Every structure is written in structure tokens, then in C-alpha cells.
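Encoded as C-alpha cells, the structure appears first; notes follow it.
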Amino acid sequence: MADRITVIGWDGTPLTEAAASALAGATLVAGAPFQLAALPVPAGAERLPLGSVQQAARRIAEHRGAAVVVAEGDPGYFGVVRELRRPEYGLELEVLPAVSSVAAAFARAGMPWEDAQVVSAHGGRLRRAANICRAYPKVAVLTTAGAGPSELALMLRGVHRTFVVCEALGTDDETVTVLTSDRVPDHDWRDPAVVLVIGGAGPNHAPTETSGWLAGRPLGFPGPDRGWALDAEAYAGAERGAAPAGAAGTALPPHVRALALARLGPVPGELLWAVGAGSGALAVEIGRFGAAVVAVEASRSACAQITVNARRYGVEVEVVHGVGPEVLGGLPEPDAVVVESGGAEVVRAVLARRPERLVAVAHSLGEAEEIRAAIAGAGYRVDGALLQSTSLGPAHGSAPGLGLGPGEQSLVLWGEQGS
């Protein structure tokens, strides 16, 4: 193993005294070709282009002498330090960071960023990065060749965002361009280090008294109400008893939403559909877990209610007006889907898109059997439950103690890919 290994973060500014000293004494220097050309690498040092970090780590482990690895910005933040610290290499590192490209990008934009999400599109994760941009109002995306601003904007087609594209940060060729997302694909971009994607309401983004003290805003950060599976009265247009569950403008009962959330398992980076979304209660609760959400609803008044409820709880829900399989064809690929109404026909249309997980609510035993057959016929593992609940309240009349309110029954089926 090398006698000493120093990882230097470089943001284009002059090196610190410690970084310059480490570089001057190096017998092996790894870095991007432009870094090796721009920095004062000792004449006798081995130059190692940093293409594959794994190959570089193995070469450094074999080297005898002082090794330096040059990385962009802060190498411990979505950088090479994580890979170099893998136990199989056995490397002991000294890390000298510079300003991260994310911090530099927000500085160029003149924006605070303690409330921003930071994601990497490297390693085939462009779709997940795009879903974070759907779900949050302020995202920094670390891009790479083939997963740059244009590809990201195309994934967000139909979702309005503002892009701040930062090219060659910290160099003489630095360029910062601000465009709406629909115009981004019209440009030829160099391989920028970071793209800021701004807009939307975002999870729990309404200002609160706790704003500005905890970076990144954790999932489930309290909005006006804590928790999930809230009472129907928590959602505009979804008052209990206003209409049968699943009717336009209503919310599924809380216990049904709780089971649906458990089976859907929404997480950041995923995209979920809520089809026949009613007032949007379940769609909003999915969004509060940090997932991106598309709510499909046939009633225009219910679509308006979804928007109101999403705004109230500080989440970004894309609302699509329409019904039936023809509407679903134009939606982006889902990771999971809940069909709150629409029956077996809609379930079959959803399954044609092969989501990993599906939850469907049936409104009769006959409909439940049709849905079960559709799920099983598509090759999914299928299960279901009949949920019964009765509210507790004061006894009627002058009788003491508790009494039972009206009962509710709901048929819920779910399917997962796999044998």
C-alpha cells in the first residue's frame, strides 16, 4: 500500500498549502485528465487517469510511495471517498476538501440550500433522480454523460420546473444558465457537474416555525397534522358520510389507507399512481413519504380538491383529469399503483405497465373476484382482505358508556411481482 494517500478536493481555486504540499510530494497522482493537465503534478510522478475508481484503488493499494487522488469539490460528498474506503482495498486516507459543486451551484444561484434534496444520476439512477425532482421543490442533481440536463428534462416532460444548469464550475469556462424545463432539451450541454431543479410545492414545504434548522427536511416532517391515515375530515371535499367511499371527491376510510400505504411501501425516488384518486387523501399521504405521485381522477371538482389537499400538506401531486385505460397510456412508468376505483378493466390496464406493486379497492365481491383474477392472470402474487370497522362513540340516548357507530366494509386486494 502507498506510504501516504491524500484525497484532494479541487474546485478550480488555488490549492491550499496542505494540498499543494501533498501534491508536490506525490509519486502517483490520480485524477481526471483536465485536472492532471491543470495542476502542478511532479514531473516524475505516475499519472493515473481517474476513469474507474475501483481500478485506481487497486493500483494505489499496490503503489509504494505517496499517492494523491484529485476529485471535484468535496470528495466525501457523493465523491470518491466512499469507494476508496471500501474494506477490500485497505486504504488509509487523509481528505482535504474544497467547496462542493452543490454548494457552489447554489451560491451561483444566490439561493440557500439547507432545505434542498441532493441526488446523483450516476449509475443508471436518472429515473430515480427525476422522481425526486417531481416530489420536491428544490433538488440538486449530480449529472453524468447520458444523464444530463436534457435527459432529466425529458423525464420531467409535462412537469413545470426551472433548471439552473452549471457547467464547468470553478474554471475559466464556467457557465450558469437558467431555463424552464421545456426549453432545456433544445440546448447542447457540456457534461455539467450539477443541475438545480426548482419549483413545485414539495413535501411539507409550507413555511413552519421549525423551518431553517434541520437540513434536508426529513420524511414525514410535521405539516398541519402529524402522521398518516388521517380522518377523512382532514381533507377538503372528503368529509365522512358525504358519499360512499371511492365516490368522486371522497377519501378512502383511514384504515383502508393505512393498509394501502403498508402494501405500496412508497419511498423517495419512486413514482406511484393513484387511479380514481377521489379527493386525493391517499395520493397526498403517499407524497408525504417522499415519493412522486400522479393522481388520476375523472371528476374535475375532485381534481381541484386534490390540488387543495396537496397544497395544504405541502406535497407535490401531479393531477391528471380523465378515466380509463386511455388516460394511463400517457403517464410515466410507475413503481407502484393504487386503483381506488375503476374495477378490473382499469386494473388490467395498470398491470400492462408492470408496476412492482399494486393495490386495488373493490366495491363488491364480484368486482373483487374479477380484480383477483386479473392480478393472478398477469403473473403477480395476489392476496387480499375484507376490512370491517365500526366507530366508537357515546352511547345513544341516556345509556352510559360507549356505543357503536355505523359500520364500514372495504375489500382490498394487492399484488406483487415474483413467484
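The basis for the numbers below is simple: all heavy atoms, side chains too, and nothing from hydrogens, waters or symmetry mates. Please read all numbers here as calculations on a predicted model, not as lab measurements.
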Can you find a pair of side-chain heavy atoms, one from [X] and one from [Y], that are under 4.5 Å apart?
X: His363; Y: Ser341; result: yes
X: Tyr89; Y: Ile60; result: no
X: Arg108; Y: Leu169; result: yes

Charged N-O contact under 4.0 Å between Arg288 and Glu285: no
Check ion pair Arg127-Asp335 (N to O, under 4.0 angstrom):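 Counted as a salt bridge, because a side-chain N and a carboxylate O are separated by less than 4.0 Å.
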Nearest-0.5 Å distance, [atom1] of residue [X] to [atom2] of residue [Y]:
X: Leu271; Y: Asn131; atom1: CG; atom2: CG; answer: 5.0 Å
X: Asn309; Y: Leu282; atom1: CG; atom2: CG; answer: 12.0 Å
X: Glu318; Y: Thr307; atom1: CD; atom2: OG1; answer: 11.0 Å

Exercise: identify the closest heavy-atom pair between [X] and [Y]:
X: Trp273; Y: Arg353; answer: CH2-NH1, 3.6 Å
X: Ala258; Y: Ala229; answer: CB-CB, 3.9 Å
X: Ala344; Y: Glu370; answer: CB-CB, 3.7 Å

Heavy atoms of other groups near Arg190 CZ, more than 12 under 6.0 Å: yes
Greater than 12 external heavy atoms within 6.0 Å of Arg354's CZ: yes
Verdict with supporting geometry, Glu83 and Arg86, salt bridge (Lys or Arg N to Asp or Glu O under 4.0 Å): CA-CA 6 Å; Glu83 182 64 32; Arg86 286 174 57 173; 2.8 Å; yes
